[in-house]
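Working notes, structure below.
Chain letters run A, B, ... following the sequence lines, proteins first, then strands; residues in each count from 1. Everything quoted here is computed from the prediction, not taken from an experiment.
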Amino acid sequence: MIAKAQAIYAAVRRVPKGKVATYGQIARVAGLPRRARLVGYALAALERSDVPWHRVVNAAGKISERGEPMFVAQQRAMLEREGVEFTASGRIPLARYQWKAQA
DNA sequence: AGCCTGACTCGGA
DNA sequence: CTCCGAGCCAGGC
């Protein structure tokens, strides 16, 4: 486990229930500007943790796929259970649900 | 070291 | 809206 990953996880944990954040946003909050890919990489390594990874989506407000479509459906279900709505095209209206990190 | 891959993002066409 | 190319970084070979 590397320190950068820890910073990323800490940033993700700050995302409140019912809100979502983008990879790039998490990267900035974690002090790693332009390292969106690193965020995805770090989250991919997650296994059984208290990190709300399901609240992290890409810049388009869509859930990033990773092989099994099953996980995407699972993530969407968890978000909807927290009150996050999806558009007919499967996107999340970021203007309304994106987490605004406070300095 | 080089090359390829990947839960990404942005600007341009 | 979609597709492309470039920039980014960690890991494995």
Side-chain angles (χ1 to χ4, degrees):
Chain A
M1 196 70 85
I2 57 181
K4 291 176 183 173
Q6 289 301 327
I8 290 171
Y9 300 150
V12 176
R13 272 191 282 263
R14 289 166 60 184
V15 180
K17 175 184 176 185
K19 291 288 184 179
V20 299
T22 66
Y23 292 91
Q25 181 180 10
I26 291 300
R28 287 196 303 278
V29 174
L32 303 168
R34 309 247 176 126
R35 273 52 167 183
R37 277 195 107 132
L38 186 54
V39 174
Y41 190 84
L43 264 56
L46 278 178
E47 281 184 51
R48 300 199 312 280
S49 70
D50 55 332
V51 179
W53 57 271
H54 57 278
R55 293 182 192 141
V56 183
V57 298
N58 61 33
K62 294 182 191 173
I63 296 173
S64 296
E65 295 190 24
R66 52 183 182 295
E68 290 296 322
M70 175 175 69
F71 293 111
V72 176
Q74 176 95 42
Q75 180 171 359
R76 175 171 175 162
M78 287 192 280
L79 288 174
E80 293 183 314
R81 194 171 53 194
E82 295 185 347
V84 177
E85 299 175 272
F86 286 72
T87 66
S89 55
R91 295 200 316 93
I92 295 172
L94 293 180
R96 177 176 171 183
Y97 293 106
Q98 182 169 38
W99 168 54
K100 308 302 179 184
Q102 40 271 47

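Within the hydrophobic cluster formed by Ile, Leu, Val, Met, Phe, Trp and Tyr side chains joined at under 4.5 Å, directly or through other members, A:Val20 is accompanied by A:Val57, A:Ile63, A:Val72, A:Leu79, A:Val84, A:Phe86, A:Ile92, A:Leu94, A:Tyr97.
Between the CD1 atom of A:Ile8 and the CD1 atom of A:Ile26 there is a distance of 9.0 Å, given to the nearest 0.5 Å.
Atom CD1 of A:Ile8 and atom P of B:dC8 are 13 Å apart (whole Å). Distance A:Glu65 CD to B:dG6 C1': 14 Å, rounded to the nearest Å. Remark: C1' of C:dA6 and CZ of A:Arg34 are 12 Å apart, rounded to the nearest angstrom. Here B:dA7 presents its P atom at 12 Å from CZ of A:Phe71, a figure rounded to the nearest Å. The NZ-P distance, from A:Lys62 to B:dA7, rounds to 16 Å in whole Å.
Looking at A:Met78 and A:Trp53, their side chains come closer than 4.5 Å, going by heavy atoms from C-beta outward. The shortest distance between side-chain heavy atoms of A:Tyr9 and A:Leu46 falls below 4.5 Å.
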List every contact pair, protein side and nucleotides 10-13 of chain C side both N or O, where the distance is under 3.5 Å.
residue : atom : partner : partner atom : Å
C:dA10  : OP1  : A:Lys4  : NZ           : 2.6
C:dG11  : O4'  : A:Tyr41 : OH           : 2.9

Please write out the pairs of protein N or O atoms and N or O atoms of nucleotides 9-13 of chain B separated by less than 3.5 Å, giving the distance to one decimal.
residue : atom : partner : partner atom : Å
B:dT9   : OP1  : A:Tyr23 : N            : 3.4
B:dT9   : OP1  : A:Ala59 : N            : 2.9
B:dT9   : OP2  : A:Ala59 : N            : 2.8

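Nearest heavy atom pair, residue A:Ala21 against residue A:Trp99, reads CB-CE3, 4.2 Å.
Partners of A:Arg34 under the side chain to side chain donor-acceptor pair (under 3.5 Å) rule, at least two apart in sequence or in another chain, do not exist in this structure. A:Ala60 meets the side chain to side chain contact (heavy atoms under 4.5 Å, CB included) test with A:Asn58, A:Lys62; sequence neighbours excluded.
When hydrophobic clusters are built by joining Ile, Leu, Val, Met, Phe, Trp and Tyr residues whose side-chain heavy atoms come closer than 4.5 Å, directly or via intermediates, A:Phe71 is not grouped with A:Val56.
Within the structure, side-chain hydrogen bond (donor to acceptor under 3.5 Å, both in side chains) pairs that include any residue of residues 22-32 of chain A comprise A:Gln25-A:Gln98 (at least two apart or interchain). Among pairs with a residue in residues 73-98 of chain A, those fulfilling salt bridge (Lys or Arg N to Asp or Glu O under 4.0 Å) read A:Arg55-A:Glu82, A:Arg76-A:Glu80, A:Glu85-A:Arg96, at least two apart in sequence or across chains.
Only at 4.0 angstrom or more do the heavy atoms of residues 85-92 of chain A sit from any atom of DNA chain B, so none qualifies.
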* **Derivation and outcome, side-chain contact (heavy atoms from CB on, under 4.5 Å), residues A:Arg66 and A:Gln75** => CA-CA 12 Å; A:Arg66 52 183 182 295; A:Gln75 180 171 359; 4.1 Å; yes

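For C:dC9, the OP1/OP2 oxygens have a side-chain nitrogen or oxygen of A:Arg35 closer than 4.0 Å.
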